[in-house]
Engineer: 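Shown below is the structure under consideration.
Basis for what follows: all heavy atoms, side chains included, without hydrogens, waters or symmetry-related copies. Below, read A as the first sequence line, B as the second, and so on, with proteins coming before strands; counting in each chain starts at 1. All values derive from a computational prediction rather than experimental measurement.
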There are 2 protein chains.
Amino acid sequence: MKILRYPEPQDLANGLVRPESDTAVIQSQVAEIFEAVRKDGDAALLRYTEKFDSISLKKIVPSKDEIAAQAKLCPVELQKAITQAKQNIEKFHLAQEETFSPIETMPGVLLWRRSTPIEKVGLYVPGGTAPLFSTVLMLAIPAQLAGCSEITLCTPPQKNGLVHPAVAFAAQLCGAPKIACVGGAQAIAAMVFGTESISKALKVFGPGNVYVTAAKELANEYGVAADLPAGASELAVLADGTANPVFIAADILSQAEHGTDSHTMFVTTSEALADRVQAEISKQIGALPRKEIVKAALDKSVVVIVKTLNDAIMAVNTYAPEHLSIDVKDPSAVLESISNAGSVFVGSYSPEAAGDYASGTNHTLPTGGWAAMTGGISLESFMKKITFQKITKEGLQSLGHTIITMAEAEGLKGHAQAIRVRM
Amino acid sequence: MKILRYPEPQDLANGLVRPESDTAVIQSQVAEIFEAVRKDGDAALLRYTEKFDSISLKKIVPSKDEIAAQAKLCPVELQKAITQAKQNIEKFHLAQEETFSPIETMPGVLLWRRSTPIEKVGLYVPGGTAPLFSTVLMLAIPAQLAGCSEITLCTPPQKNGLVHPAVAFAAQLCGAPKIACVGGAQAIAAMVFGTESISKALKVFGPGNVYVTAAKELANEYGVAADLPAGASELAVLADGTANPVFIAADILSQAEHGTDSHTMFVTTSEALADRVQAEISKQIGALPRKEIVKAALDKSVVVIVKTLNDAIMAVNTYAPEHLSIDVKDPSAVLESISNAGSVFVGSYSPEAAGDYASGTNHTLPTGGWAAMTGGISLESFMKKITFQKITKEGLQSLGHTIITMAEAEGLKGHAQAIRVRM
């Protein structure tokens, strides 16, 4: 890990720059995949699955029975854990439901709004080294709660061509969306255009590698919305001298094992803690099977030593991390000042891993600094808010003159006329 | 207006396709403007203002005194109207504030979320044939209420090089954001990169022509968020035989006067009403100064005659209009079934023009079918929601096993380890 000692603001900003990937090549490859899927539909999907995943499939969408058979292979212990996680995620996302009471802005001018589900949504669940069944929960639960009527879930198949048991189990538990065995940019393309076996979606969701991220960006140009730019994972840890270095080291390592492009930033007011955390990292790293990934990620990560908690807060807000762990003597004061972060973990017993899986918050969060502008996935991500107004004849009498005056000043006589004919 | 009589679903979908503009040329022009602004800053802005607006400016940001002097030129009658509109818009947007009570998903597992302002925002207010001071209200009021700490407003100058009096007045009334005299794609570029006189924004907002829309899309690639694709304006009117043709004709005309690319769709169960509305349009059109624009817009617009209210609702949901006027005998049943629309106007005395200016709803709304996926601008557009969790030692004891089981099944030992060190 790089170390920044008492940096000036500009050095801090430079030191916190995330590693970049070359997107131009990726974009042109993804555009090619989009064109092929648009033209050839399922045939293109089968071709790409053979090419990128080295799996030769006969069909893309397994039958309900096939999914059920796979789900049964999920170990009972894991079934229990997934069920527990589902309950917590459901509770927190249900609590996000908006109740909006109509208000009168003037007598006779009644306004309200209503959250309405996005009808057709497409969920992407990455496979890779291990199938991320936790992402099934994080996407399918809010989609189901929102009331989306058509939910398609794309995920790369296992080497044997079948859906991973835990993915099948989690999907069934969340109301069994239609599962399609396809991954990567071609999966996003399938949900953007629709194919013989996959429905066109209005909005696509889910994390993924740089190809998936580029594909979600491209989706926009075809009139399909995308959730948020979810790139390489990030963690910032903010701690003072009271924090436990063993816990912090474990959290940093857990973040680093996501991928070589994972990024962590550890900011502290205690030089002694910084030393102890680094010693602990060296000690704990030996136990991890993904050591090489962890080391590569740590090489690009950074320790920032600052004079005051205020400096630490400024560093975190500048970085705008996806995840933020706070372990200080008095967290409430620090919490108040955090303005840029995706999800925050407060105190020694709130490890970031809890939010990845089971405490109830969503783990699909903004990365790459986007936490300064947007939150993570929530119930609202699967809905849109429609505004309504009902004005009475008397209400329009009171408001009409204002509207006419403004419309005419903007040179829009027709707008004024629409009021006059009613007055 | 085109007429579709009792169309089959596919004919309906084809008939409701919006006119398209050629975006490829526009995108490359906008990319060129971005490059110039990034390189030359203010100098490029002054150059483009000379080139596109034929105005030679000495500086881009007028002083506070200059703004105040312009604001004083706003007629008193219009000042009153703007002030009234501001009160209503403020009330409705204030009512959108979220209060989220922390919840325990399990004993000792406390979760909550907090809406936090986006620190630096850029607002775009189009000029064109008339300066849209109403857009100042629609953007600056929620930005102010959200608590954004840096608000920049870009708007093209008048021919005399000064800010329009009504724009200056509205801006002052809304807490006086910093006003910059620059329009078009170059204004968006300035807010994306920052220049000597304009601050870099984290998110840009506002309607505009195809260049501005393309510029907002491009903003994303530079890590700056954009509000929503707000293209050519649209209105759908859904009415049965009880509706007043004079009112409907006036509403359709008011929509059509926005621009030649405005689009309206009128769906009704009453063939007689369809005839009367068209007759009324011919009658009322004569009084409008923007006749030629209106005619061009109406040429591309469509009347749909259907058998039942359900068919009418289906047509509207397929179209997903920016604005929807509903004038039927029993609106409540229809309202329930509307799933895709930006803002809805209910009953004979709720003209769409009321929402454009003064009733309190926001007029920056999704167009081009995006109302199926996203709502219009709201207080939340200027904020992001950060999730938080605080788990007690006992809470983690109960939840820990679930997390460990899931993490190990995903092959993430480091995540399991981060729990184990705490248990």
Engineer: Mind running side chain to side chain donor-acceptor pair (under 3.5 Å) on B:Gln87 and A:Thr105 for me, showing each step along the way?
Structural biologist: CA-CA 8 Å; B:Gln87 284 168 7; A:Thr105 52; over 6 Å; no
Engineer: So for A:Ala371, is it side chain, backbone, both, or neither that comes closer than 4.5 Å to the heavy atoms of chain B?
Structural biologist: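 Just its backbone gets close to chain B.
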Engineer: If you count heavy-atom pairs within less than 4.5 Å of chain B, which of A:Gly360, A:Gly347, A:Ala341 leads?
Structural biologist: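 Maximum pair count with chain B is reached by A:Ala341.
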Engineer: Given that the side chain runs from C-beta out, which part of B:Thr392 has a heavy atom under 4.5 Å from chain A: side chain, backbone, both or neither?
Structural biologist: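 When you check distances to chain A, only backbone atoms of B:Thr392 fall under 4.5 Å.
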Engineer: Go through A:Gly375, A:Pro75, A:Ser254, A:Ser101 and name the one with the most non-hydrogen pairs under 4.5 angstrom from chain B.
Structural biologist: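 Most heavy-atom pairs within the cutoff with chain B belong to A:Ser254.
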Engineer: Looking at chain B, which one of A:Val246, A:Val109, A:Asn340, A:Val294 has the largest number of heavy-atom pairs inside 4.5 Å, strictly under?
Structural biologist: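 Heavy-atom pairs under 4.5 Å are most numerous for A:Asn340.
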Engineer: When only pairs under 4.5 Å are counted, which of A:Ala256, A:Ala416, A:Ala407, A:Gly411 shares the most heavy-atom pairs with chain B?
Structural biologist: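 Heavy-atom pair counts peak at A:Ala407.
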Engineer: Would you mind checking which part of A:Met423 comes under 4.5 Å of any heavy atom in chain B, side chain (CB onward), backbone (N, CA, C, O), both or neither?
Structural biologist: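 Contact with chain B is absent: no heavy atom of A:Met423 under 4.5 Å.
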Engineer: Where on A:Thr374 is there a heavy atom nearer than 4.5 Å to chain B: the side chain, the backbone, both, or neither?
Structural biologist: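 A:Thr374 touches chain B through backbone heavy atoms alone.
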Engineer: Sort B:Ile386 into side chain, backbone, both or neither according to what part of it lies under 4.5 angstrom from a heavy atom of chain A.
Structural biologist: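 Both parts, backbone and side chain.
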Engineer: Could you look at B:Leu137 and say if it's the side chain, the backbone, both or neither that has a heavy atom under 4.5 Å from chain A?
Structural biologist: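 B:Leu137 touches chain A through side-chain heavy atoms alone.
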Engineer: Write down the atom of B:Lys384, the atom of B:Pro117, and the distance for their closest heavy-atom approach.
Structural biologist: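 In terms of heavy atoms, the two residues are closest at NZ-O, 3.0 Å.
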Engineer: Does a side-chain heavy-atom distance below 4.5 Å link B:His363 with B:Thr135?
Structural biologist: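 Side-chain contact under 4.5 Å: yes.
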Engineer: Heavy-atom cut-off 4.5 Å, strictly under: side chain, backbone, both or neither for B:Ile103 against chain A?
Structural biologist: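 B:Ile103 touches chain A through side-chain heavy atoms alone.
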Engineer: With a 4.5 angstrom heavy-atom cut-off, which part of A:Leu78 approaches chain B: side chain, backbone, both or neither?
Structural biologist: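 Backbone plus side chain of A:Leu78, per the 4.5 Å heavy-atom cut-off to chain B.
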Engineer: Are there more than 12 heavy atoms of other residues, nucleotides or ligands under 6.0 Å from atom NZ of B:Lys86?
Structural biologist: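 Yes, enclosed.
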Engineer: Side chain, backbone, both or neither: which part of A:Gln96 has an atom under 4.5 Å from a heavy atom of chain B?
Structural biologist: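 Its backbone and side chain both get close to chain B.
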Engineer: For the pair B:Gln255 (side chain) and B:Ser262 (backbone), establish whether a donor and an acceptor sit closer than 3.5 Å, ignoring hydrogens and angles.
Structural biologist: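 Looks like no, no N/O pair under 3.5 Å.
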Engineer: Tell me, side chain or backbone of A:Leu396 under 4.5 Å from chain B's heavy atoms, or both, or neither?
Structural biologist: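 Side chain only.
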Engineer: Which atoms form the tightest heavy-atom contact between A:Phe133 and B:Met406, and what is the distance?
Structural biologist: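 Residues A:Phe133 and B:Met406, closest heavy atoms: CZ-O, 3.5 Å.
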Engineer: Tell me, for A:Ser348 versus chain B, whether the close heavy atoms (under 4.5 Å) come from the side chain, the backbone, both or neither.
Structural biologist: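 For A:Ser348, the contact with chain B is made by the backbone alone.
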Engineer: Answer with side chain, backbone, both or neither: which region of A:His401 has an atom nearer than 4.5 Å to a non-hydrogen atom of chain B?
Structural biologist: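 Only the side chain of A:His401 comes within 4.5 Å of chain B.
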Engineer: Give, as side chain, backbone, both or neither, the part of A:Asn220 having an atom under 4.5 angstrom from any heavy atom of chain B.
Structural biologist: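 Both backbone and side chain.
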Engineer: Please report the C-alpha distance between A:Thr361 and B:Gln389 in whole Å, then the side-chain angles of each, then the deciding distance to 0.1 Å, and finally whether the side chain to side chain donor-acceptor pair (under 3.5 Å) criterion is met.
Structural biologist: CA-CA 8 Å; A:Thr361 53; B:Gln389 61 200 285; 3.0 Å; yes
Engineer: Could you check which of A:Glu104, A:Glu221, A:Arg113, A:Gln284 has the highest count of heavy-atom pairs closer than 4.5 Å to chain B?
Structural biologist: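 If we count pairs closer than 4.5 Å to chain B, A:Arg113 comes out on top.
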Engineer: Can you tell which of A:Glu257, A:Lys390, A:His164, A:Lys80 has the highest number of heavy-atom pairs within less than 4.5 Å of chain B?
Structural biologist: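 The answer is A:Glu257.
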Engineer: Answer with side chain, backbone, both or neither: which region of A:Glu98 has an atom nearer than 4.5 Å to a non-hydrogen atom of chain B?
Structural biologist: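 Just the side chain, heavy atoms under 4.5 Å.
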Engineer: Under 4.5 Å heavy-atom distance to chain A, tell me which part of B:Phe247 shows up: side chain, backbone, both or neither.
Structural biologist: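 Interface part for B:Phe247: both.
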Engineer: Specify the closest pair of heavy atoms between B:Ser343 and B:Leu365, including all atoms of both residues, with the distance to one decimal.
Structural biologist: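 Reported closest heavy-atom pair: CB-CD1, 3.7 Å.
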Engineer: Could you tell me which portion of B:Ala166 (side chain, backbone, both or neither) has an atom closer than 4.5 angstrom to a non-hydrogen atom of chain A?
Structural biologist: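 Contact with chain A involves no heavy atom of B:Ala166 at all.
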Engineer: Identify which part of A:Thr116 has an atom lying under 4.5 Å from any heavy atom of chain B, answering side chain, backbone, both or neither.
Structural biologist: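 A:Thr116 touches chain B through side-chain heavy atoms alone.
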Engineer: Given the rule in the ring-ring contact (aromatic ring centres under 6.0 Å, His included) test, do B:Phe100 and B:Phe388 qualify, once you have shown the distances and angles that lead to the verdict?
Structural biologist: CA-CA 11 Å; B:Phe100 191 92; B:Phe388 293 84; over 10 Å; no
Engineer: Where on B:Arg420 is there a heavy atom nearer than 4.5 Å to chain A: the side chain, the backbone, both, or neither?
Structural biologist: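 B:Arg420 has no heavy atom closer than 4.5 Å to chain A.
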Engineer: Is A:Ile248 close to A:Glu280 at the side-chain level, that is, under 4.5 Å between some pair of heavy atoms?
Structural biologist: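 A side-chain contact under 4.5 Å is absent here.
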Engineer: Checking A:Ile285 against chain B: side chain, backbone, both or neither under 4.5 Å from a heavy atom?
Structural biologist: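 Neither part.
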Engineer: Measuring heavy-atom distances to chain B, does A:Asn88 have an atom under 4.5 Å in its side chain, in its backbone, in both, or in neither?
Structural biologist: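 Both backbone and side chain.
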Engineer: Side chain, backbone, both or neither: which part of A:Leu288 has an atom under 4.5 Å from a heavy atom of chain B?
Structural biologist: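 The answer is the side chain of A:Leu288.
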